[in-house]
Amino acid sequence: MSMKSLFVDRVRKVVRSIPRGKTMTYGQVARVAGSSGAARAVGMVMKNNYDPTVPCHRVIRADGKIGDYNRGGRERKEQLLTEEGAL
DNA sequence: ATAATGACGTGAT
DNA sequence: AATCACGCCATTA
């Protein structure tokens, strides 16, 4: 049985709203989702997300680094962002 | 109820 | 620019 917390649902909703060519930091996503300061927890959600309708590659770190990606690693993530013109 | 975990953030070195 | 130590939050892989 899948137990989807309110937090997870909100995070997914926010990430789904990020337009092509744009990005948000983990911290921003957390704040908009209503859990300011939960940047790390957002990372957990992204890590376990395999829903293709959630563009998790558009979520990057606040220090400018690319961050990780569970489907092809940072390489793939950077490639996708470049293709979308987000970099 | 507690401890461990981690696709983070920030300030200090 | 690159580490590091800590704090932070929700979840429990």
Side-chain angles (χ1 to χ4, degrees):
Chain A
M1 302 230 328
S2 63
M3 186 15 223
K4 291 194 292 196
S5 70
L6 180 60
F7 173 70
V8 173
D9 288 334
R10 285 180 166 168
V11 166
R12 288 189 146 140
K13 184 170 184 177
V14 173
V15 175
R16 237 175 306 155
S17 80
I18 305 175
R20 193 187 160 80
K22 293 284 188 172
T23 62
M24 278 182 85
T25 69
Y26 293 90
Q28 292 175 324
V29 171
R31 179 165 48 71
V32 176
S35 296
S36 184
R40 274 186 110 155
V42 167
M44 286 275 80
V45 177
M46 299 296 99
K47 177 182 184 179
N48 295 86
N49 172 65
Y50 284 84
D51 183 344
T53 71
V54 178
C56 52
H57 63 279
R58 296 183 186 148
V59 185
I60 63 179
R61 301 178 42 138
D63 60 9
K65 291 183 180 175
I66 197 67
D68 223 315
Y69 192 53
N70 67 6
R71 301 167 100 164
R74 302 181 169 160
E75 296 275 292
R76 181 60 182 152
K77 187 170 181 179
E78 185 170 3
Q79 177 189 32
L80 287 170
L81 289 174
T82 300
E83 289 175 358
E84 298 185 350
L87 303 178

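Below, chains carry the letters A, B, ... as their sequence lines are ordered, and counting in each starts from 1.
Regarding R31(A), its CZ atom lies at a distance of 12 Å from the P atom of dG9(B), rounded to whole Å. One atom, CE of M44(A), and another, C1' of dC8(B), lie 10 Å apart when rounded to the nearest Å. Look at CG on L81(A): it is 13 Å from C1' on dA7(B), rounded to the nearest Å. Rounded to whole Å, atom P of dT12(C) lies 11 Å from atom CZ of F7(A). Between D63(A) atom CG and dG7(C) atom P the separation is 20 Å, expressed in whole Å. One can place CZ of R40(A) at 13 Å from P of dA5(C), the figure rounded to the nearest angstrom. The nearest whole Å value for the distance from the CD atom in E75(A) to the P atom in dA7(B) is 18 Å. In this entry the distance linking OH of Y50(A) with C1' of dA13(C) reads 10 Å, nearest Å.
Taking 3.5 Å as the limit, the base of dA13(C) and the side chain of N48(A) contain no donor-acceptor pair of atoms between them. A donor N or O paired with an acceptor N or O is not found under 3.5 Å between the base of dA7(B) and the side-chain atoms of Y69(A).
Residue S35(A) has a polar side-chain atom (N or O) positioned under 4.0 Å from OP1 or OP2 of dA10(C).
Nucleic acid contact for G37(A): sugar-phosphate only, since backbone atoms but no base atoms lie under 4.0 Å from a heavy atom of the residue. When heavy atoms are screened at a 4.0 angstrom cut-off, V42(A) is found touching no nucleic acid atom at all. Using a 4.0 Å heavy-atom cutoff across all strands shown, Y26(A) reaches at least one base atom of the nucleic acid. Counting non-hydrogen atoms under 4.0 angstrom, A38(A) reaches the backbone sugars and phosphates but no base.
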Quiz item: Could you write out DNA chain C as a dot-bracket string, with dots for unpaired bases, | for bases paired across to another strand, and Watson-Crick or G-U pairs counted at under 3.5 Å?
Solution: .||||||.||||.
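Set against dT10(B), dA7(B), dT3(C), the side chain of C56(A) has dA7(B) as its closest nucleotide. Of the candidates dA7(B), dC8(B), dT3(C), dC8(B) carries the atom nearest the R61(A) side chain, counting heavy atoms from C-beta on.
Between the side chain of K77(A) and the main chain of G72(A), no donor-acceptor pair closer than 3.5 Å is present. Under a 3.5 Å cut-off, the side chain of K13(A) and the backbone N or O of V8(A) do not form any donor-acceptor pair.
A salt bridge between R58(A) and E84(A) is present, with a side-chain N of the basic residue lying under 4.0 Å from a carboxylate O of the acidic one.
Looking at every heavy atom in both residues, E83(A) comes nearest to R20(A) through O-NH2, 3.9 Å.
If you take CZ on R74(A) and CD1 on I66(A), they are separated by 9.0 Å, rounding to the nearest 0.5 Å. Interatomic distance, Q79(A) CD to L87(A) CG, rounded to the nearest 0.5 Å: 11.5 Å.
Y26(A) pairs in a side chain to side chain contact (heavy atoms under 4.5 Å, CB included) with only one of the listed residues (R31(A), R61(A), R40(A)), which is R61(A).
Both K65(A) and V45(A) lie close to DNA chain C; mapped to their nearest nucleotides by heavy-atom distance, the more 5′-ward contact belongs to K65(A).
Atom CD of E78(A) has 12 or fewer heavy atoms from other residues, nucleotides or ligands within 6.0 Å.
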